[in-house]
Student: 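Here's a structure for you.
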Amino acid sequence: MKLVVTIVGKDRVGIIATVSSVLAENNVNILNINQNIMEGFFNMVMIAEMSEDSKLKLGELQTVLKDKGEEMGLDIKAQHMDIFNVTHNV
């Protein structure tokens, strides 16, 4: 299953390392990353893939990422790519 992971918040050291570590620890593969920083605000979108070998189900991963984001003062969300596409299609 492909996921869209979005990270938004004030820029700080370790954002990419933290998020990619959470994904790696749970056997979620990062396929693509796009990030930018504008006037001190960090914005990143990752395309990732969960396989049957992933350690967590999507709902559990969403909770882990949300909690990690709150610890860092960031908004981190993970959505199934199909859901993301439907909700962001104009």
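Residue indices begin at 1 and follow the sequence shown.
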Student: Would I37 and V8 show up in the same hydrophobic cluster when neighbours are defined by side-chain heavy atoms closer than 4.5 Å?
Tutor: no
Student: For residues 59-73, pull every pair meeting salt bridge (charged side-chain N to carboxylate O under 4.0 Å, His left out), keeping only residues two or more places apart or in separate chains.
Tutor: K66-E70, K68-E71
Student: To the closest 0.5 Å, what do you measure between CG (D75) and CG (L65)?
Tutor: 11.0 Å
Student: Treating Ile, Leu, Val, Met, Phe, Trp and Tyr as nodes and any side-chain heavy-atom pair under 4.5 angstrom as an edge, say whether V45 and F42 lie in one connected cluster.
Tutor: no
Student: Out of curiosity, I15 CD1 to Q35 CD, how far, rounded to the nearest 0.5 Å?
Tutor: 8.5 Å
Student: Can you tell me how far the CD1 atom of I47 sits from the CG atom of N34, to the nearest 0.5 Å?
Tutor: 9.5 Å
Student: With respect to S20, which candidate in I33, I30, V5 satisfies the side-chain contact (heavy atoms from CB on, under 4.5 Å) definition?
Tutor: I30
Student: Mind running side-chain contact (heavy atoms from CB on, under 4.5 Å) on V22 and L61 for me, showing each step along the way?
Tutor: CA-CA 9 Å; V22 168; L61 180 64; 4.3 Å; yes
Student: Can you measure from NZ (K77) to CD1 (I7) and round to the nearest 0.5 angstrom?
Tutor: 12.0 Å
Student: Supply the atom-to-atom distance T18 OG1 to M72 CE, rounded to the nearest 0.5 angstrom.
Tutor: 4.0 Å
Student: In terms of hydrophobic clustering (I, L, V, M, F, W, Y; side-chain heavy atoms under 4.5 Å; direct or indirect links), are M44 and F41 co-clustered?
Tutor: no
Student: Rounded to the nearest 0.5 Å, what separation is found between the CE atom of M50 and the NE2 atom of H80?
Tutor: 10.0 Å
Student: Which heavy atom in I76 sits nearest to a heavy atom in G69, and how many Å separate them?
Tutor: CD1-CA, 3.5 Å
Student: Transitively linked via ILVMFWY side-chain contacts under 4.5 Å: V4 with V19?
Tutor: no
Student: Among pairs that include at least one residue of residues 31-57, which meet salt bridge (charged side-chain N to carboxylate O under 4.0 Å, His left out), considering only residues two or more places apart or in two chains?
Tutor: none
